[in-house]
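Okay, so here's the structure we're looking at.
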2 protein chains.
Amino acid sequence: MTERGVRVRQREETRRALLGESRRLFTERGYGAVSLAEIVGAAGVTKGALYHHFDGKEELFRAVLEDVQQEVGRRVAEAAGAHEDSWDQLVFGCREFLAATTAPGIQRIMLVDGPAVLGWTAWRAMDEASSARHLTEALTVLVDEGVVPAQPVAPLAHLLSGAMNEAALWLATSTDPADLEHTTAALDRMLDALRAA
Amino acid sequence: MTERGVRVRQREETRRALLGESRRLFTERGYGAVSLAEIVGAAGVTKGALYHHFDGKEELFRAVLEDVQQEVGRRVAEAAGAHEDSWDQLVFGCREFLAATTAPGIQRIMLVDGPAVLGWTAWRAMDEASSARHLTEALTVLVDEGVVPAQPVAPLAHLLSGAMNEAALWLATSTDPADLEHTTAALDRMLDALRAA
DNA sequence: CTTTTTCACATACCGATGGTACGCGAATTC
DNA sequence: GAATTCGCGTACCATCGGTATGTGAAAAAG
C-alpha cells in the first residue's frame, strides 16, 4: 500500500527524534536552560535538520507542547468516556486530568513553560483545543441538563482548570502520598457544590 | 537623623531605577524578550551597575518579583484586615487578590514568568511567603473556629490559589466586563460551599 | 539507463546576549 | 591630606539562536 520510500521514512524518523529528545530535555531542565546544540546533539543530527523541520526553538517547543496536550486530552477523554452519566464524566475526567498532569513528563512543559514561552493567550488557545475543551463541554452539558444551576460556563471552567493545574504542580512536589487523597477529596467536594441547588 | 550621605543615596537611586525599569520592561514584553542592555539603557546606567547590585538577570527578576508579590500581599492583607469576621476576611481577601492580580502590571511577572524563570518550587515558596500565606492562615482560622469542616488546609489552599490565578489571567484578556461579576459570583459560591456542613 | 531535479540535511558563519575582569574616580575613613 | 572603599563604567569573552549556502543521495523525467 503506502509506498513510503526511503526519503519520507528518514524524514519522519528525524522529526520524531527531535521531538522526543527536546521533550525529554525540556522536561528535565526547562525551555530556557536547554540549547539547540544539546537537542540536535542528543537527536544525532545538526541544526540544519532542526531548522528544516521547525521554524525555530519556539516552534519546536510548540510542537512538543501539542504532543503533550494531546496526550493529556486523550487520557481525559478516555476516562470520561468510560462513564455514561454526565456527572460521572465530569468527576472522572477531572480525576484523570489530575493524575495525568501530576506525572513528571507533563508538568513543566504543559503548566510552567507553556504560558511563559508562547504567551498566556496562545497557551490558553492550545489548552482549550485539547484538554480544557473537555471540561467546558462537560460543564455545558450539565448546565443544559439542569444538573448544575444555569450560569455562565466559562468562569467556572477557568476556576476549575486553574485549581487542578496548581494542585497537580503541588502534588508533584509533595512527598506525602495522602496529599493526593486529600486533594481529590477536596476537589470532589468543590465539584459537588456545583449541583447544590 | 539618618546621615544618608551621597554614596548610599546614589546607590539606592540606581537600584530603584534598575528595579523600576526592569519591572516595566518585564511586564510589557516578558522576561525572555528583554535584554540586559535594554534595562540598563532605560535605567541610564551600564551593566557594571547592574551586576554590582544583582547577581545576574535571574536574580534581578527575583527582586522584581518580590516587590510585586509584596505589593499584592499588602493589598490582600489590608482588604482582609478591614473585616472582623474570619469568614469575611477570607471572602474579601480573595476578592482583593482577584482584583490585584488582574491588573496588567502584576500578571505576567507574578503568574506567568515567575514559575518558569525561577522554577515552580522556588516560586511557590516566594508566593507562600507573601500573598498565599494569607489564604492558608485564613483557612486555618476558619477550620479552627469550626466554620469550615475539619480537613487538611494545604490542598484547599492550593486549589483555591490556582483557581484565582487562572481566573485572573483569563479576566485580564476578557473584554466583557460582566465576566468579572460572573467569576466573582462563581468564586463566592465555591467558597460558600466550604462551610456547608 | 542517463540525466535532471528535488530535498533532507550538514557546514560555516553571524549578530546579539548574558556574564566576567578590570580600571577609575569620587566619596568616605583614618 | 593620605589611604581606602566602593559604586559603577569599559572592554572583552563564550555561547546562544538564527541564517546562508553547500552537498549528496533519492526520486522524477527523458
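Below, read A as the first sequence line, B as the second, and so on, with proteins coming before strands; counting in each chain starts at 1.
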How does protein contact run along nucleotides 20-30 of chain C, one letter per nucleotide 5' to 3', with B for base contact, S for sugar-phosphate only, - for none, heavy atoms under 4.0 Å? B------BS--
Any residue in residues 14-37 of chain B with a heavy atom nearer than 4.0 angstrom to DNA chain C? Just list them by number, or reply none. B/V34, B/S35, B/L36
What do the steps show when you test A/S131 against A/Q69 for side chain to side chain donor-acceptor pair (under 3.5 Å), and what is the final call? CA-CA 7 Å; A/S131 60; A/Q69 282 181 325; 5.7 Å; no
Could you state the atom-to-atom distance from CG of B/L60 to P of C/dG18 in whole Å? 11 Å
Can you tell me how far P of C/dG19 sits from CZ of B/F54, to the nearest Å? 13 Å
For atom NE2 of A/H53 and atom C1' of C/dA10, their distance in whole Å: 13 Å
Length of the line joining A/E38:CD and D/dT15:P, which is rounded to integer Å: 12 Å
Rounded to whole Å, please give me the gap between CG in A/L50 and P in D/dG17. 10 Å
Does B/R195 make a cation-pi contact with B/W87 (under 6.0 Å, within 45 degrees of the axis)? yes
Between P of D/dT19 and NE2 of A/H52, the distance in whole Å: 15 Å
Write down the distance between CZ (B/R9) and P (D/dC8), rounded to a whole number of angstrom. 13 Å
Cation-pi check, A/R95 onto A/F92 ring (under 6.0 Å, within 45° of axis): yes
